[in-house]
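Structure first, then comments.
Quantities reported herein were computed from a predicted structural model and do not represent experimental measurements. By convention in this document, chain letters (A, B, ...) are assigned in the order of the sequence lines, proteins followed by strands, and residues within each chain are numbered from 1.
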Amino acid sequence: MQALDEIKATVRLALWTLAWVVTLALAKFGPQRLWDTQQVASWAAVAVNFAVGIGWIVAFTRFLRVIDELQRKIMQDALAVTLGVGWVVGFAYVVVDAGELVARDVDIAVLPALMGVVFVIAFVVGRIRYR
Amino acid sequence: MKNRITDLRAEHGWTQADLAQRAGVSRQTINAIETGKFDPSLPLAFRLARLFDLKIEELFLDDQ
């Protein structure tokens, strides 16, 4: 029963993740390639991506509640490291940027991408640690 | 926290996967508990003790 619940929650999370990625791509590339920078369509795409993002968050919290307790610990440890890195690097960049210490602006998308990489590494390290 | 799970599991002729299935957790969780890398939650500790027909303090030993 537990295994079945875990599979269901994992599939739901995978589908929400896929939906979020697709709507994000639509919001990012749609204005240039699909609807020629019409503001209404662009705002609608962003709204859909935001709504799907909320669904993804809900699916992720449900997934965390259902999974095996060791897997939950590994996941929570990885999330803690990711949040820490996001905060530390994010605020360090704010200070560096405010002090005009870097010559050119860094794309804001670098931060969530970095957090994604950190999460994957921390998750793999956790899996190895409790192997 | 030390425990007697490895010995008791062997006495019952169960693999880690067998015990994991009976306790409703992953094999990795059973392995991590046996090697002392992970302390189970109270509900899981009770479930494991019940599977071996023991009291929780007979299965888990306070090493402090």
Nearest 0.5 angstrom please: A/I74 CD1 to B/Q28 CD, how far? 4.5 Å
Linked, directly or transitively: B/L54 and B/F46 (ILVMFWY side chains, under 4.5 Å): yes
So does A/R12 have more than 12 non-hydrogen atoms from other groups sitting under 6.0 Å from CZ? no
Shortest non-hydrogen contact from B/S26 toward A/Q71: OG-NE2, 3.5 Å
Atom group of A/R127 that falls short of 4.5 Å from chain B, counting heavy atoms: both
Which pair of non-hydrogen atoms, one from B/K37 and one from A/R131, has the smallest distance, and what is that distance? NZ-O, 3.2 Å
Looking at A/I108, I want to see if its CD1 is surrounded by more than 12 non-hydrogen atoms of other residues, nucleotides or ligands under 6.0 Å. no
Are A/V118 and A/V89 connected, step by step, through hydrophobic side chains (Ile, Leu, Val, Met, Phe, Trp, Tyr) whose heavy atoms are closer than 4.5 Å? yes
Same cluster for A/L79 and A/I67 if Ile/Leu/Val/Met/Phe/Trp/Tyr side chains link at under 4.5 Å? yes
Distance col, row A/Y130:OH vs B/T29:OG1, nearest 0.5 angstrom, shows 11.0 Å
